[in-house]
There are 2 protein chains.
Amino acid sequence: MSTAEETAGGEVEPWDQVTPDAARRLLIAAVEAFAERGYHATTTRDIAGRAGMSPAALYIHYKTKEELLHRISRIGHDKALDILRTAARREGSATERLADAVSSFVRWHAGRRTTARVVQYELDALGPDARAEILALRRQVDAEVRGIIQEGVASGEFDVLDVRGTTLAVLSLCIDVARWFNVNGPRTPEEVGALYADLVLRMVGAG
Amino acid sequence: MSTAEETAGGEVEPWDQVTPDAARRLLIAAVEAFAERGYHATTTRDIAGRAGMSPAALYIHYKTKEELLHRISRIGHDKALDILRTAARREGSATERLADAVSSFVRWHAGRRTTARVVQYELDALGPDARAEILALRRQVDAEVRGIIQEGVASGEFDVLDVRGTTLAVLSLCIDVARWFNVNGPRTPEEVGALYADLVLRMVGAG
DNA sequence: GAGGAAGCTAAGCGCCCGCTCACCCTCGGC
DNA sequence: GCCGAGGGTGAGCGGGCGCTTAGCTTCCTC
């Protein structure tokens with residue numbers, strides 16, 4: 001529920017806010033396991049094992065396996081929203097802010113691929129209440145990007161017919177990076193971020 | 001293994017090629033279940049139940065649950081490749097062919113969303129051999145789109161710096177439609193296809 | 001109308017799942 | 001030096017999983 005952000009940058013591991021130490025280790029183990037195999041294919045024994053603990057230890061810190069996913073999803077969405085808000089609210093033209101938003105959002109999806117994969121693709125495994133909470137955050141994510149595009153259209157920087165549809169496409173493009181990005185592949189997160197920022201500016205008819 | 005295509009159009013339900021009738025009903029039931037809940041969260045009892053049969057009936061037609069996914073994935077990828085090939089090999093400029101490829105590929109991902117979702121997002125659940133077979137098809141899909149973009153660059157229609165990266169982004173954009181498209185949402189598959197064709201032409205600097 | 005393949009079911013096997021419980025350390029406070 | 005709280009374990013429960021098996025029906029063939 002806390003949205004506190006200690007530093008202005010974005011390079012803090014978001015798991016640092018989780019205490020005690022054992023709970024954090026379990027959470028990180030769960031992120032890795034969920035990202036590799038998917039939520040349903042991951043066993044609580046696997047998560048506990050990765051954290052160097054017995055299966056029962058998990059239930060001291062979390063009520064259920066689903067609570068782990070919920071916590072991960074919440075922290076990840078908070079971080080994603082924070083990245084976009086930072087880009088949207090800096091000074092500069094809509095063009096600059098959209099490029100910044102896309103490149104930093106993409107860098108996060110590529111560089112923190114394991115986390116992003118869980119956050120973006122395991123939503124369906126959450127129960128109704130948790131899913132509703134996360135979906136509200138996603139609407140804020142959408143609004144943030146739509147805001148920049150709308151301002152660019154208003155200022156005449158952008159040429160966009162369907163603002164909602166284009167927003168959807170831009171976010172979709174960024175999010176899908178978590179599906180295909182390969183850490184051992186030929187591109188760095190920075191390179192993909194720069195490429196995507198250029199592609200998105202073309203999509204909105206900037207420059 | 002057969003790649004025969006009876007009609008020139010693209011409106012045949014691809015499951016029609018599956019016989020006998022009971023095997024097809026099971027396959028369709030599996031597609032629906034996998035799309036709704038994911039492969040690992042789907043039980044063989046659920047699949048059989050949707051097809052109106054007992055759990056054991058599944059194993060008369062398929063050796064394992066994984067074989068069902070393999071068959072679905074194979075048929076789906078054959079269909080996707082067929083759609084792109086048809087667009088790539090028609091007559092017309094690179095601009096026309098790319099727009100055609102994107103709009104028909106997107107229409108399929110939106111209109112046959114259940115199938116596309118399984119095909120695109122449950123790949124990890126396949127064993128090594130089946131996955132390798134499907135990945136080979138995906139490389140062909142990539143090559144088909146890359147070919148059109150390359151021809152557009154050669155003819156001077158397109159202005160693209162990174163052909164491979166742009167190809168990846170175009171395909172990623174289309175594929176992700178299967179994740180977010182909502183049948184009860186405000187857009188028809190045709191509308192999304194048209195919007196996306198326009199966005200992709202902008203991405204490659206056409207027109 | 002006997003024989004046999006094909007298609008299906010009821011019952012259930014063996015396994016592993018999420019999760020619990022009884023118990024055991026470790027360590028700060030008095 | 002005893003106590004209680006917090007963090008941990010080994011063993012295991014109840015249940016649902018993927019899959020198998022024995023046996024039944026249907027229907028085609030001659």
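Lettering follows sequence order; numbering is per chain, from 1.
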With a cut-off of less than 4.0 Å, is there a side-chain N or O of [X] near OP1 or OP2 of [N]?
X	N	result
A:His61	D:dG8	yes
A:Ser54	D:dG8	no
A:Tyr59	C:dC19	yes

Can you tell me the distance, in whole Å, between the [atom1] atom of [X] and the [atom2] atom of [N]?
X	N	atom1	atom2	answer
A:Ile47	C:dC17	CD1	P	11 Å
B:Leu58	C:dG7	CG	P	14 Å
A:Leu26	D:dG8	CG	C1'	11 Å
A:Ile60	C:dT20	CD1	P	12 Å
B:Arg25	C:dG7	CZ	C1'	11 Å
A:Leu68	C:dG18	CG	C1'	12 Å
A:Asp46	C:dG18	CG	C1'	14 Å
B:His40	C:dC16	NE2	P	16 Å

Nearest to the side chain of [X], which nucleotide is it out of [options]?
X	options	answer
B:Arg45	C:dG18, D:dC19, C:dT9	D:dC19
A:Thr44	C:dC8, C:dC19, C:dA10	C:dC19
A:Ala22	C:dG12, D:dG8, C:dT20	D:dG8
A:Pro20	D:dC19, D:dG7, D:dG12	D:dG7
B:Lys65	D:dG8, D:dG18, D:dT21	D:dG18
A:Met53	D:dG18, D:dT9, C:dC19	D:dT9

Going by an N to O cut-off under 4.0 Å, is there a salt bridge joining [X] and [Y]?
X	Y	result
B:Arg139	B:Asp142	no
A:Arg24	A:Asp21	yes
B:Glu67	B:Arg74	no
A:Asp176	B:Arg179	no

- Message: Considering every strand and a 4.0 Å limit on heavy-atom distances, what is the contact class for A:Thr43: base, sugar-phosphate, or nothing?
- Response: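 Answer is sugar-phosphate: A:Thr43 comes under 4.0 Å of backbone atoms only.
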- Query: Any side-chain donor paired with an acceptor under 3.5 Å for B:His70 and B:Glu133?
  - Reply: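 Yes - a donor-acceptor pair under 3.5 Å links their side chains.
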